[in-house]
Amino acid sequence: MNSNTPSSSTGGPGSADSTGPRRNTKRPKYSRFSQQELPACKPILTPKWVISTFLLVGIVFIPIGIVSLLASRDVVEIVDRYETHCIPSEYQNDKLGYIQGPQDKTCYRTLTVRKHMKQPIHVYYQLDSFYQNHRRYVKSRSDQQLRSAKNEGDTDPCKPEATVDGRPIVPCGLIAWSLFNDTYSLTRNNQQLNINKTNISWKSDRDRKFGKNVFPKNFQNGTLVGGGTLDPSLPLNKQEDLMVWMRTAALPTFRKLYGRIEVDLQVGDTINVTISNNYNTYSFNGKKKLVLSTTSWLGGKNEFVGIAYLTVGGLSVGLAILFALIYLIKPRRLGDPSYLSWNQNPGGH
Amino acid sequence: MRTGRKKKINFSKIYSFKRGKGPSKDDHSQIGGPGFSRVVFCNESDGLESSSRNYVTNYVRTTKYTAASFLPKSLFEQFRRVANFYFLVTGILSFTSLAPYSAVSAIIPLIIVIGATMVKEGIEDWRRKQQDIEMNNRKVKVHKSDGVFHHTEWKNLKVGDIVKVEKDEFFPADLLLLSSSYEDAICYVETMNLDGETNLKLKQALEVTSYLNEDEDIKNFRALIKCEDPNANLYSFVGSMEFQEQQYPLSPQQLLLRDSKLRNTDHVYGAVIFTGHDTKVIQNSTDPPSKRSKIEKKMDKIIYFLFGVLFLIAFIGSVYFGVVTKNDLKGGHYRWYLQPERANIFFDPDRAPAAAIYHFLTALLLYSYLIPISLYVSIEIVKVLQSIFINQDVNMYFEEADKPAHARTSNLNEELGQVDTILSDKTGTLTCNSMEFIKCSIAGTAYGYGVTEVEKAMAKKKGSPLKVNGKGLVDDPFGNMKKSTVKGFNFDDDRIMNGHWITEPYSNIIQKFFRLLAICHTAIPDIDEHRGNVTYEAESPDEAAFVVAAREIGFEFFKRTQTSVSVNELDLVSGKRVERSYKLLNIIEFNSTRKRMSVIVRDEEGKLLLLCKGADSVMFERLGTNGREFEEETIKHVNEYADAGLRTLILAYRELNEEEFEEFDKKFSEAKNSVSADRDALIDEVTEEIEKDLILLGATAVEDKLQLGVPECIDKLAQAGIKIWVLTGDKLETAINIGYACSLLRQGMKKIAITLENPEIVALEKVGDKNAIAKASKQSVLKQITEGKSQVAASRSEAFALIIDGKSLAYALDDNAKKSFLELAMVCASVICCRSSPKQKALVTRLVKEGTNRTTLAIGDGANDVGMLQEADIGIGISGVEGMQAVMSSDIAIAQFRYLERLLLVHGHWCYRRISSMICYFFYKNVTFGITIFLYEAYTSFSGQPAYNDWFLSLYNVFFTSLPVIAMGVFDQDVSARFCLKFPLLYQEGVQNLLFTWRRIIGWMLNGVCSGVIIFFFCKEALSLPAFKKNGKIAEYQIFGATMYTCVVWVVNCQMALAISYFTLIQHITIWGGIALWYLFLLAYGAIPPSISTTAYKVFVESLAPTPSFYVVTLFVVISALIPYYSYNAIQMRFFPMFHGMIQWIRHEGHSEDPEYCDMVRQRSIRPTTVGFTARSLARTNPLEDRNQKQR
């Protein structure tokens, strides 16, 4: 019966009697992976490495910094803040009354070109303290409705600017409702400067986000009138101002593209701007600016990038030198563990 | 199969006493009452009455879940974690209009995370289920009807069944022994699985049922058993059997417990009394406590801290939001474009406080990215993978038993790197539980060239040629010794072997010596008739080793009858082998107080001989004046043996004259037959008188074979600064011997022994007043502890060892004593607790765990270690031997003690480092991300608008940043395995928890804050006003978000690349892959229609990719955000390296091959150890004086 268990001479079990045909069946397979012995590079921050990385960062950053700075210097920018100047002096104490009143809002500004501006010259308006990124504001739009005519009634997210007398507003929501409606017309030497307002929106907006058969309906027909109005005969994907406006800004101070001037402006040119100052930024003390700017390969005039690159690059070189000095002056005593605080106390064991 | 009686010996007569005392009368009066209601109808398990009883089946389930309970139970488990619960709440809230993002994007990561954890739980439980199935489908013979037995599965057993269990089988349930193959219905039981004791226990059936010899007899057997209800007490059983209209009381003597094993008995018949979960062993097994590592506990605290931060910033935001909202209607602040007058409750200026409160909820949702949702699941995945690596380690695979290491639970991996104290079982853990006769000292001459593990280890350490008995070993001293093939015998000495002993000067003494070994024992010979060789069945392995040794030398014990012992031995006169029979007159058994065993025999010449073997402490004092001829040399040898870790016994004899014997015999049988309570004392008294004036023959040295590599392993662990305690059920002497063997003790170490074996207590015990004994014992223990403490305090340089026995331990673990006991134990280099019960082992473990608040690791192999394994922070089961109980309740199973070294120093260290770095990094990346969101909030007047697209948000944790962390958690190595073992002190980083201090954690968080701030402000400055592209387009919300997000992904992934120190291909793939994945995702997500992708539609293709600014900004932000950490790290690594840093330098600078240099680093960093053979070889430099002092 028990032929497979030979009677043992001692009471204790031994490890030796488990040899048999099962031998090695459970032996883990050897591979460098399973034994955690994969070839690996084990970087260690040696002085050489530290100094060379910092130098490398410096070498890369400083030229980029210089190039960016140059690019930024090439850009010519004319900024004109007009929200206060465009209020007639008698209304200076009641700006809100003025902007909400029926008065003529036309306002004239003069800009001087101090540097040659190569076309295309981008015309922006810049608003300040305007929270286009407020959650309530951002959410108050209906992408479905904007995209397709059959979703006209899809105004749920647009509250409170969703319907008027039960009829859906197209485009609905606070964003569209508060559309910026100042207009600029520019003349140089009494000659009209044409502002090209096509192609100021993103192509993806025109193609996919704003429908070509969606037309404004009941827009600004409510009791409260917000910003600009829309031409009801133009489909939304032709309303470029709206599309630009509806791509909400990330920060409360933002510029939006108004159009482009496709002629060069010469040094000394005087540009007369006729502003139709309709948009109410007065109730929240926001600023309005008109900006004319050229661009470089790096975009607009932004010295921050260049300076920051130079600073970080310089800092890196500085650190490289500093480290080199430290390594030279204070070579580490190799393998000296005396400062391992936890090793100083030989108690306990 | 033999069904007849195997041996016609009544072994019950050889055993002079120690039969279980019957239960007292009052216990039995309770039968039928509450708690004693069980009724078993033997052999009628299918009868009507038994089925009405509805006892549980014999199916044992150890799984956590059933198919039905899995979903609710595991979900509940999941959401018990605060973080998960929080995410559940945010998930639910995200369906309301409070949510700043879409509900789906919030829910999906949660589902992924919870799902992954549940799958893991499910797989683990399924494995347990497989084990259950294996166990429950074991076969046993059960009586069907008409005396026919069939094999059936264990799970089918029912209460009342009669089963037949054969030799070396486990009992399938708790059985009532009915009869056995022995005439007096005894059987031997090995209860190793229950209490870890390896000696065999004797059980005896009631006499009335012992007639059941054949299967046939069972046919008409009927009996009614009434007994106690299922309980966990292994050592008590109260019941009665009604058989043939007579009542018979039952005692534990008749109870065969499940999971114990039938030994040395051909078969037994038993009636099933308790099945399945009613059995005592299962009742005893408490649910394994779910253990959590210290790191995880601390991690919870960090999560709470982060919750605090989260609530704080949400609160700040809400207050600001409330104020701004309230101002919305005021002049100068009137944001007409928001139509505040028509706002709903969330934005209503008139109800600004309410809006603020709602906003608070929104903020909690929004900032939830501070809390790493995937932390738990990532850690779990990592731990499972780490466990796989532990299981796969070839260096922890035990060839002989075909057993690799097996991490049964994976949630303690990093705890392995923090072990402060190891509590080890002895038998089967440190030792193989096999005894080998290795040396002896006869007539003052030491014999035996054998080399013990300890000696080998020390010799290896010293690098000097090994010397044994003054002889240098010419051949390779390390292990290539001629290995004896006989089990239990490893003796090698030409002077004695092969019959050469007759030429030795004291050949007559040698003869007497081995004859004594052949006669003085209780072993039973078992002659294999085919091959003619003899094997022995002995109570303990050392007993067997003696008989085997005698046989190998030429004194072959081959026959035992009730009254005689026959030995085949060499006749010195004729030079021939003759059979001699010795008449066995008395056996005076071994017990722990007597510490010796004697037999009285009459040899063929009619001489009366008293043969005695016993511990040196009791034997030398019993020598007669004429028997001390070799005392001095023998003492010297015995000390040498003890120092080599051997178990020694002194052999002595005397001749008795007839009168002396007759007088003794009379008194002895009187004493044996007395029934009074002091029967044992009477016997002691009688035997005391005869065991005196002995003549010394010599001493034996048996090696309680240490497992391979145990001394080296202990030495390494000691060097790593881990304390080792031995908790054993063994005798004090044995424990001390093993202490020597594995270098936990050495000569020259001050031993503080706490025992209750002192005269006052013994005297009190004789009186028998329990209260007085307890009181006196307690005082004695307290006094000894105090004395010990003052002893330690008085000396500065010496190393102390604390040895305490079970009885004293019971008092030392009392509430008012345990603190000082622990204090004493902590200052001692080694602690050995002997004679400790399983419960005491667990209590000691708890004491250490709770008293020192350090990580404890318990290691053991038997069921008696289960409590300890479960109590300790980590329980390691040794899977080398048969019993699986310890393994089943352990967290990690290894095959040999020596693998502990690699498990702790390599895997433990790695896991600890990986997990702690991983957690720190997790917090870093989430803080970075959360800070950018928070800062952006500040620019949206805290309205709750997230900076990023919904899916960017939700996939951050599960997608773009998860794989590198997991790769780090699984693969990172600060120091290779070789160096981990070379510099064991590295392990202290874990013990002292240097890599997971609050400083370090907060440091990482600050690093996160710093990165987040840099990313946000630099992005904001670079992108805010001017044109982003050459065509004059502006970076609005979606471009800003996507660019900033790109920077975050780059920064956190590059930060990872800076933080790890081990770059394999996998690291490269995950880190750079994570970044690439982001771009791919952006591309793919942007390609799907805007109704889904919303703000991300074509953002990459149209806006980012063709724009140089995007790249310029990314490069700049990423590098700037990394510079602070890089500089910090460079300085720290060079000027303030931690220990692993130093080792990295050593490796890097190629000093690792320069032994002197390594030694320097090691020496300077290692604190002097007091245990282990390193310490021992140092102490050995002056050993003789030391020892002599001890002798005086």
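In what follows, every heavy atom counts, from backbone to side chain, and hydrogens, waters and symmetry copies are set aside.
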Let me know if B/Q1067 has heavy atoms under 4.5 Å from chain A in its side chain, its backbone, both or neither.
neither

Got A/I64 and B/L1115 here, is their nearest side-chain heavy-atom distance under 4.5 Å?
yes

d(B/S1091 OG, A/N151 CG) to nearest 0.5 Å is 10.0 Å

Counting heavy-atom pairs closer than 4.5 Å to chain A, which one of B/T1064, B/L1025, B/I1034, B/V547 comes out on top?
B/L1025

Can you tell me how far apart OG (B/S1024) and CZ (A/R255) are? Round to the nearest 0.5 Å.
8.5 Å

A/I175, part contacting chain B, at a heavy-atom distance under 4.5 Å:
neither

Which portion of A/S34 sits near chain B, non-hydrogen atoms under 4.5 angstrom
both

Minimum side-chain heavy-atom gap B/I1123-A/L319 below 4.5 Å:
yes

Among the options A/F54, A/Y282, A/Y30, pick out the one with the most heavy-atom pairs lying under 4.5 Å from chain B.
A/F54

Heavy-atom pairs under 4.5 Å with chain A, option from B/E1021, B/K1098, B/Q1132, B/H333 with the top count:
B/E1021

A/Y131 and B/S943: side-chain donor and acceptor closer than 3.5 Å?
no

Sub-4.5 Å side-chain heavy-atom contact between A/T248 and B/E1036:
no

Heavy-atom closest pair, residues A/K209 and B/P1090
CE-CB, 3.9 Å

Contacting region of A/S201 [heavy-atom separation from chain B under 4.5 Å]
backbone

Non-hydrogen side-chain atoms of B/E399 and A/R27 separated by less than 4.5 Å:
yes

If one checks every heavy atom of B/T362 against chain A at 4.5 Å, the contacting part turns out to be side chain

At a heavy-atom separation under 4.5 Å, does A/E303 approach chain B through its side chain, its backbone, both, or neither?
neither

Hey, which of B/R335, B/Q1144, B/K1020, B/K1033 has the most heavy atom pairs under 4.5 Å with chain A?
B/K1033

Against chain A, label B/A947 side chain, backbone, both or neither, depending on which of its atoms sit under 4.5 Å from a heavy atom there.
neither

Below 4.5 Å, heavy-atom pairs only: which of A/G313, A/G286, A/P43 has the largest tally toward chain B?
A/P43

What pair of heavy atoms forms the shortest contact from B/F347 to A/R135, and how long is it?
CZ-NH2, 4.0 Å

A/R208, A/H122, A/R136: which one forms the most heavy-atom pairs within less than 4.5 Å of chain B?
A/R136

Heavy atoms only, distances under 4.5 angstrom: which of A/W177, A/W297, A/W49 has the most pairs with chain B? Name it, please.
A/W177

dist B/N1031:CG -> A/W202:CH2 (nearest 0.5 Å) comes out at 6.5 Å

Presence of salt bridge, A/E161 and B/R342, under 4.0 angstrom
yes

Under 4.5 Å heavy-atom distance to chain B, tell me which part of A/K203 shows up: side chain, backbone, both or neither.
both

Chain B heavy atoms under 4.5 Å from A/V138: which part of the residue, side chain, backbone, both or neither?
side chain

Toward chain B, the part of A/Y258 with a non-hydrogen atom under 4.5 Å:
neither

Which class fits the ring pair A/F33 and B/F971: parallel under 30°, tilted 30 to 60°, perpendicular over 60°?
tilted

Please classify the contact between A/P120 and chain B as side chain, backbone, both or neither, with a heavy-atom cut-off of under 4.5 Å.
neither

How far does CG of A/L96 sit from CH2 of B/W336, to the nearest 0.5 angstrom?
11.0 Å

Taking side chain as everything from C-beta outward and backbone as N, CA, C, O, which of these in B/K1029 sits under 4.5 Å from a heavy atom of chain A? Side chain, backbone, both or neither.
both

Donor-acceptor under 3.5 Å (B/Q339 side chain, A/L174 main chain):
no

Given a strict heavy-atom distance threshold of 4.5 Å, which part of A/L298 is in contact with chain B: side chain, backbone, both, or neither?
both

Let me know if B/N391 has heavy atoms under 4.5 Å from chain A in its side chain, its backbone, both or neither.
backbone

Chain A: which of B/Y939, B/Y334, B/Y337 shares the most heavy-atom pairs with it under 4.5 Å?
B/Y337

Heavy-atom distances under 4.5 Å only: say whether B/F1116 touches chain A with side chain, backbone, both or neither.
both

If every non-hydrogen atom of A/P28 is compared with every non-hydrogen atom of B/D393, which pair is closest and at what distance?
CG-O, 4.0 Å

Can you tell me how far CD1 of B/I1119 sits from CG of A/L56, rounded to the nearest 0.5 angstrom?
8.5 Å

Region of A/L38 in contact with chain B, defined by heavy-atom distances below 4.5 Å
both

Quick one: closest heavy-atom pair of B/S1109 and A/G299, and the distance?
OG-N, 4.4 Å

For chain B, the option from A/F254, A/F323, A/F130, A/Y124 that forms the most heavy-atom pairs under 4.5 Å
A/F130

Mind running side-chain contact (heavy atoms from CB on, under 4.5 Å) on A/K139 and B/Q945 for me, showing each step along the way?
CA-CA 9 Å; A/K139 297 253 181 287; B/Q945 176 64 20; 3.8 Å; yes

When the 4.5 angstrom heavy-atom criterion is applied to A/K42 and chain B, the contacting part is both

So which of A/L257, A/D143, A/N302, A/I121 has the biggest tally of heavy-atom pairs under 4.5 Å with chain B?
A/N302

Portion of B/I1039 that has a non-hydrogen atom of chain A nearer than 4.5 angstrom
side chain

Checking heavy atoms, do the side chain of A/Y137, its backbone, both or neither come under 4.5 Å from chain B?
both

Interchain contact, A/T46 with chain B, by part (heavy-atom threshold 4.5 Å):
both

Options B/W910, B/F346, B/F1063, B/F1028, ranked by heavy-atom pairs under 4.5 Å with chain A, top entry:
B/F1063

Hey, are the side chains of B/M1133 and A/I44 touching, using non-hydrogen atoms and a 4.5 Å cut-off?
yes

Can you tell which of B/P1108, B/P946, B/A405 has the highest number of heavy-atom pairs within less than 4.5 Å of chain A?
B/P1108

Can you say whether B/Y936 sits under 4.5 Å from chain A via the side chain, the backbone, both, or neither, judging by heavy atoms?
side chain

Would you name the heavy atoms of B/A1022 and A/F304 that are closest together and state the gap between them?
N-CD2, 3.8 Å

Contacting moiety of B/L1058, where chain A heavy atoms sit under 4.5 Å:
neither

